[in-house]
Protein chains: 2
Amino acid sequence: MAYEDHPDLSVLSSAIGYHLRRAQLAVFQDFTACFAELDLRPAEFSVLTVIARNPGLKQGEVAALLDIQRANFVALMDRLERRGLAERRRFPTDRRSYGLWLTRSGTEHTQRMFDLWHAHEERWVERLGGAGERDRLLDLLNRISSPA
Amino acid sequence: MAYEDHPDLSVLSSAIGYHLRRAQLAVFQDFTACFAELDLRPAEFSVLTVIARNPGLKQGEVAALLDIQRANFVALMDRLERRGLAERRRFPTDRRSYGLWLTRSGTEHTQRMFDLWHAHEERWVERLGGAGERDRLLDLLNRISSPA
DNA sequence: TATTGTTATACTCTATAACTATA
DNA sequence: TATAGTTATAGAGTATAACAATA
């Protein structure tokens, strides 16, 4: 019977969520491979990026910005601090809070990080067929994930 | 300073992986909400779908088809069997293998399942701007996840 | 009283090695 | 020897409740 050679995935083949998951997995796996030399996970990359561009944001602000639960953010930030890439500094006006900053080492780290990122991203842009196609994809994805 | 009101996410805002993850999370969360009445997770939905369309496939074939490790597939299938939705049957020609089949109850279940799925999917298609936009999205996602 | 960071905890998903029974 | 299903286990990712310090 035909389906033994080519199983029928007709329902799944038009399922948006199914294809989103597969694409996300492919890109994240490539990300992990590309960033192996820096031993950086996607979430850590996004945190370092936010701190690099917005030094001094409160810990809770960075977590909320990236949709990370503040409870789960603690261990992530602990690791970045332990590795000497970023640090918490007491917030002057509110002693409950910490501002997040890159260390000097962390700043140097982000240079290499962004180089790796551009190479990683460029490969996927080419595979999509160019920056125009990438923009079309991001536009469609934003229609899905931006608040109703 | 401006970034305190609108933090700079410029690098992430063009990151394919970042947006894929956010979109996938949004769709999966909606999926979970829509399928709460059936208590079905995305992976279970995909397994029931494959079995419904391709009864008698070997357990390992279904797992491979969905990129699920065979070791992790066991508990998933156990749960479907315990709930009386699907069952393993000894393979006639190879006593190491099991063929996977829906039970009668499972077949009835899938009717409601596909109804819920169409409603869930239709909402996202509308949000994308129609079936044409959905197809464009799936085309782009396939360029990412289909084997090089 | 409310908020910030924290701890503890639990559940899901995923990945790997090793076992068993069959081939 | 190799393969199909299984078990055990470990690592991430994620979610919630509760606590201490501070507002």
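In what follows, chains carry the letters A, B, and so on, assigned in the order in which the sequence lines appear, proteins first and then strands, with residues in each chain numbered from 1.
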- prompt: Counting only side-chain N and O atoms of Arg79(A), is one of them less than 4.0 Å from OP1 or OP2 of dA12(D)?
  reply: no
field: Spacing between Arg41(A) atom CZ and dG13(D) atom C1', to the nearest angstrom
entry: 10 Å
task: Evaluate the criterion salt bridge (charged side-chain N to carboxylate O under 4.0 Å, His left out) for residue pair Glu133(B) and Arg136(B); output intermediate values, then yes/no.
output: CA-CA 5 Å; Glu133(B) 301 296 284; Arg136(B) 295 204 322 167; 3.4 Å; yes
message: Need one value for Ala71(A): base, sugar-phosphate or nothing, where a base atom within 4.0 Å counts as base even if backbone is also close, heavy atoms only.
response: base
task: Whole angstrom is fine here: how far is it from CZ in Arg22(A) over to C1' in dT14(C)?
output: 16 Å
task: Compute whether any side-chain donor of one residue and acceptor of the other, for Arg88(B) and Gln59(B), lie under 3.5 angstrom apart.
output: yes
- prompt: Between Glu87(A) and Arg89(A), is the closest basic N to carboxylate O distance under 4.0 Å?
  reply: yes
task: Let me know the distance between CD of Gln69(A) and P of dT16(D), rounded to the nearest Å.
output: 6 Å
field: Test salt bridge (charged side-chain N to carboxylate O under 4.0 Å, His left out) applied to Arg143(B) and Asp139(B), step by step
entry: CA-CA 6 Å; Arg143(B) 293 184 208 173; Asp139(B) 176 45; 2.7 Å; yes
message: Within the supplied structure, the quantity of interest is the number of heavy atoms (other residues, nucleotides, ligands) at a distance under 6.0 Å from Arg104(A) CZ; does it exceed 12?
response: no
message: Can you measure Gln29(A) atom CD to dA12(D) atom P for me and round it to whole angstrom units?
response: 15 Å
Any N/O pairs under 3.5 Å between the protein and nucleotides 1-4 of chain C? List them or say none.
| unit_1 | atom_1 | unit_2 | atom_2 | d |
| --- | --- | --- | --- | --- |
| dT3(C) | O4' | Arg96(A) | NH1 | 3.3 |
| dT3(C) | O2 | Arg96(A) | NH1 | 2.8 |

query: If you check the Val74(A) side chain, which of dA23(D), dA15(C), dT7(C) turns out closest?
result: dT7(C)
field: Nearest-angstrom distance from the residue atom CZ of Phe73(B) to C1' of dA8(D)
entry: 19 Å
query: Under 6.0 Å between the ring centres of Phe45(A) and Phe31(A)?
result: yes
